[in-house]
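Before any comments, here is the structure.
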Amino acid sequence: MNHDPAHAQADSDAGAEPRLIDHLIELRARLLRAVVGLLAVFLVLMPFSADIYGLLAAPLLANLPASGQLVANDPAGGFFVPIKLAFFAALLISVPWLLYQAWAFVAPGLYHREKRLAVPLLVSAVALFYIGCAFAFFLVLPSVFGFLARFTPDVVAMMPDIGKYLDFVLVIFLAFGASFELPVALVILVLLGWVTPQQLRESRGYAVVGVFVIAAIITPPDVVSQLMLAIPMCLLYEVGIIAARWLVPPKPETDPTP
């Protein structure tokens, strides 16, 4: 039988084009579902945007003096800032749904072993991000605002702007949520073969120095928040080493003798 390379290439291109179109259609469907889910949560939270802001402001209000209060320097700030908060709250709540849509799109192209490792990593990443945000809200923010209030002169009236306060809290949430992903990042590095658990243990001293430098950069200029970020990150570094040793089996040693 005569095989024409030109016809074979044409058939291959003809088969690849429908597959590409199918992938694009699937991607569009997943993106649409992700956006619809996010908007649905946002619409549910909108009527409670003022209450959500009051809950978020509780750590600051608990440490303000009797004359202190939040103010809106922007005339429309009292309206738009709670709505902005409702959107970010909806985004935070929708993270599992958004990740599920991304996972459903890429999962068919993964091998069984990759799926087996990816699922616990995704679940751990989401859980650690939420834990980091909760740690920031319940422990870090009250400690930071208590520290700042004690060192504020009595002649100064503390009246923070609601917009700047929201930006400050969102940065804190993002910093702690992302920092708590350290164990997942270490496991991924080991899975990719870029480092080994032994190398991570040997580099522990450099990692501690790097953690304190990062904490000094991304946290407010006070010792309390820096320590409250650096200490958990050092502990999470150790957790990452343990998880990497557990998930990645050691390579068998080869016998040097023939």
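In this text, all values refer to a predicted model and were calculated from it rather than measured experimentally. By convention here, the first residue in the shown sequence is residue 1.
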Should [X] and [Y] be counted in the same cluster of Ile, Leu, Val, Met, Phe, Trp and Tyr side chains packed under 4.5 Å apart?
X      : Y      : value
Trp246 : Leu200 : yes
Leu191 : Val184 : yes
Leu170 : Phe145 : yes
Val35  : Met46  : no
Val239 : Leu121 : no

Taking the side chain as every heavy atom from C-beta outward, state whether [X] and [Y] have any pair of such atoms under 4.5 Å apart.
X      : Y      : value
Val41  : Leu45  : yes
Ile241 : Tyr237 : yes
Val187 : Leu117 : no
Leu70  : Leu60  : yes
Phe176 : Ile218 : no
Gln226 : Phe212 : no
Lys115 : Val106 : no
Tyr165 : Val71  : no

To check you understand the geometry: which heavy-atom pair defines the closest contact between [X] and [Y], and what is its length?
X      : Y      : result
Arg245 : Pro197 : CG-CB, 3.4 Å
Tyr130 : Pro96  : OH-CD, 3.1 Å
Val211 : Ala230 : CG1-O, 3.4 Å
Pro59  : Leu141 : CB-CB, 3.9 Å
Pro142 : Asn63  : O-ND2, 3.7 Å

Please confirm whether the backbone N or O of [Y] pairs with a side-chain atom of [X], one donor and one acceptor, at under 3.5 Å?
X      : Y      : result
Trp97  : Arg33  : yes
Glu238 : Leu235 : no
Glu26  : Phe105 : no
Ser203 : Tyr206 : no
Tyr53  : Ile162 : yes

Stepwise side chain to side chain contact (heavy atoms under 4.5 Å, CB included) test for Leu92 and Phe88
CA-CA 6 Å; Leu92 186 65; Phe88 281 102; over 6 Å; no

Could you give me the CA-CA distance, side-chain angles and deciding distance for Met228 and Phe135, then say whether side chain to side chain contact (heavy atoms under 4.5 Å, CB included) is met?
CA-CA 9 Å; Met228 295 189 74; Phe135 181 83; 4.3 Å; yes

Would you give the length of the straight line joining atom [atom1] of [X] to atom [atom2] of [Y], rounded to the nearest 0.5 angstrom?
X      : Y      : atom1 : atom2 : result
Leu186 : Leu236 : CG    : CG    : 9.5 Å
Leu85  : Ser49  : CG    : OG    : 8.0 Å
Leu182 : Cys234 : CG    : SG    : 9.0 Å
Arg30  : Trp103 : CZ    : CH2   : 12.0 Å
Phe137 : Ile172 : CZ    : CD1   : 13.0 Å
Phe168 : Asp161 : CZ    : CG    : 14.0 Å

Pair Leu229-Met233, side chain to side chain contact (heavy atoms under 4.5 Å, CB included): steps then yes or no:
CA-CA 6 Å; Leu229 177 60; Met233 284 186 69; 4.0 Å; yes

Give the intermediate values and the outcome of side chain to side chain contact (heavy atoms under 4.5 Å, CB included) for residues Leu166 and Lys84.
CA-CA 9 Å; Leu166 176 59; Lys84 177 182 176 181; 3.9 Å; yes

Can you name the residues that form a side chain to side chain donor-acceptor pair (under 3.5 Å) with Gln198, not counting sequence neighbours?
Arg201, Glu202

Verify whether the ring centers belonging to Phe80 and Phe87 lie closer than 6.0 Å.
no

